[in-house]
K.L.:
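Take this structure first; my questions come after.
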Amino acid sequence: MKYIDRVLEDVKAKNADQPEFIQAVEEVLESLEPVIEAHPEYEDMAILERLVEPDRAIMFKVPWQDDQGKVHVNRGYRVQFSNAIGPYKGGLRLHPSVNLGIIKFLGFEQIFKNSLTTLPIGGAKGGSDFDPQGKSDNEIMRFCQSFMTELYRHIGPDVDVPAGDIGTGAREIGYMYGQYKRIRGAYENGVLTGKPLPYGGSLIRPEATGFGAVYYGKEVLSHFNDSYEGKTIACSGYGNVAWGVCLKAREYGAKVVSISGRDGYVYDSEGITTDEKIDFLLQIRGSNDVKLKDYAEKFGCEFHAGEKPWGLKVDMAFPCATQNEIGLEEAKQLVANGVKYIIEGANMPTTPEAIAYFLENGGTLGPAKAANAGGVAVSALEMAQNSMRYSWTAEEVDQKLHDIMVDIHNSSVKAAEKYGLGYDLIKGANIAGFEKVVAAMISQGIY
Ligand SMILES: NC(=O)C1=CN([C@@H]2O[C@H](COP(=O)(O)OP(=O)(O)OC[C@H]3O[C@@H](n4cnc5c(N)ncnc54)[C@H](OP(=O)(O)O)[C@@H]3O)[C@@H](O)[C@H]2O)C=CC1
Ligand SMILES: O=C(O)CCC(=O)C(=O)O
């Protein structure tokens, strides 16, 4: 049996209850086939076995008290995958669907994504099955404090640096940092990124993932002598990433016509292009009672309960909500409507069947680990600013982010071309991310 197949079989056997993790590993390993063929020595070094097994997976209880005095217990996770090229780095997801397999898939993806940024950050992810929706500010604070009361012993500015993800924004990071500082008795603000500005947050971090995805998309469009001008975009989610996409797409002359949540999607044929509309996304994200339906009512557009926006007739799709939100049926709808580009803002939003169908039918897909790497890239820039005890201007950070996204696109293209794969952004991103991590692993000896 071929090396890759043997490793994959082993991953499937050992992690049978973790379908998302298996899906992420399968995609990466399949991409690496030409690299493994060119480097038979990797088998003896067990490079793939060492990559698919996290350095450690920490699971802990998170007890917290609600406003009525009742105690609840959630499960917390931190999976530290690889610190070959820098401290472990990756977000914290707070969502009821969180389990070990989901955190492992996200942490595994993070190894290659972080490598692509060219910055010195390893791969990790964490979170909890706590649902912030419907909770008061005080309940969220008590949860975050309890979560950090265990997490603090596993992290540090040179050890592991968590950040936001679904359900974790600047407010949650602030509560967690306060607790970390209290326990450690040290300022150490480089221990978390995505902090609010007054104590070491970086300008452009909130915008970074969405801006980065649009910058990356611009490189893809340029490859086809195309541009954003006049394009319509179907976007999912209404959170941090979707908000950044709306802002930057407007600047480039494109318009986002949909946003979505778990209860359905809004179709705004005029485009989410005014400051009032874009700011309203922040209100939905930050409030417990403002909902997508309210957007539709306020701005006089359609709300489609229980549906996804992938049947809309648009030019581009930016999935910015969650994993596997575009399946085969949705890919067929996109192709039938003439959508040529999917740029993944969310992590692993497109299923393997959907990707295969979309590509076979002439579409181009910018994979998550490349397209949404802008968020973690600016997190690494936040770490750099914290170390220097200095802040760059918004223009400086934005320029660095832009250059990093161009570089991610170009290094993916180059890596695919090196192995005769043509313009293959998925395989190219996996190979480019892998090559740097493996070089570091080999030079550091077996561990
Ligand atoms: N924030 C960042 O810097 C980065 C984020 N990402 C990825 O981008 C995606 C969005 O993250 P972000 O914007 O930060 O998160 P937010 O919490 O700000 O927003 C999440 C959005 O996704 C929707 N969503 C979440 N789960 C589901 C679900 N099961 N079904 C339908 N909709 C869902 C939410 O709607 P509702 O509230 O109704 O569930 C909300 O609109 C995630 O995949 C994340 O991993 C990737 C790189 C960096
Ligand atoms: O900024 C970070 O460290 C994490 C971003 C993240 O969670 C992601 O890239 O998926």
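Atoms within a ligand are numbered from 1 in the order they appear, just like the ligands themselves.
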K.L.:
May I ask you to decide whether R250 forms a salt bridge with D275, counting only side-chain N to carboxylate O separations under 4.0 Å?
P.N.:
yes

K.L.:
Side-chain contact, heavy-atom cut-off 4.5 Å: M176 with Q179?
P.N.:
no

K.L.:
Who are the residue neighbours of ligand 2 when the rule is a heavy atom under 4.0 Å from any of its atoms?
P.N.:
K89, G90, G91, Q110, K113, K125, A163, G164, D165, R205, N347, G375, V376, S379

K.L.:
Can you tell me how the ring of F21 sits relative to the ring of F108, calling it parallel under 30°, perpendicular over 60° and tilted otherwise?
P.N.:
perpendicular

K.L.:
Supply the atom-to-atom distance F81 CZ to D160 CG, rounded to the nearest 0.5 angstrom.
P.N.:
13.0 Å

K.L.:
Answer yes or no on whether K135 is positioned over the face of F130, meaning its NZ or CZ is under 6.0 Å from the six-membered ring centre and within 45° of the axis.
P.N.:
yes

K.L.:
Salt-bridged, K12 to E26, with N to O below 4.0 Å?
P.N.:
yes

K.L.:
Is it true that K277 and D268 make a salt bridge, defined as a side-chain N closer than 4.0 Å to a carboxylate O?
P.N.:
yes

K.L.:
Got the residues with a heavy atom under 4.0 Å of ligand 1, by chain and number?
P.N.:
R93, H95, K113, Q133, D165, I166, G167, R205, T209, G237, Y238, G239, N240, V241, S260, G261, R262, R285, C320, A321, T322, G345, A346, N347, N372

K.L.:
Between E207 and K248, does any NZ, NE, NH1 or NH2 come within less than 4.0 Å of an OD or OE carboxylate oxygen?
P.N.:
no

K.L.:
Show your working on salt bridge (Lys or Arg N to Asp or Glu O under 4.0 Å) between D67 and R142 and close with a plain yes or no.
P.N.:
CA-CA 10 Å; D67 290 342; R142 286 194 290 272; 2.6 Å; yes

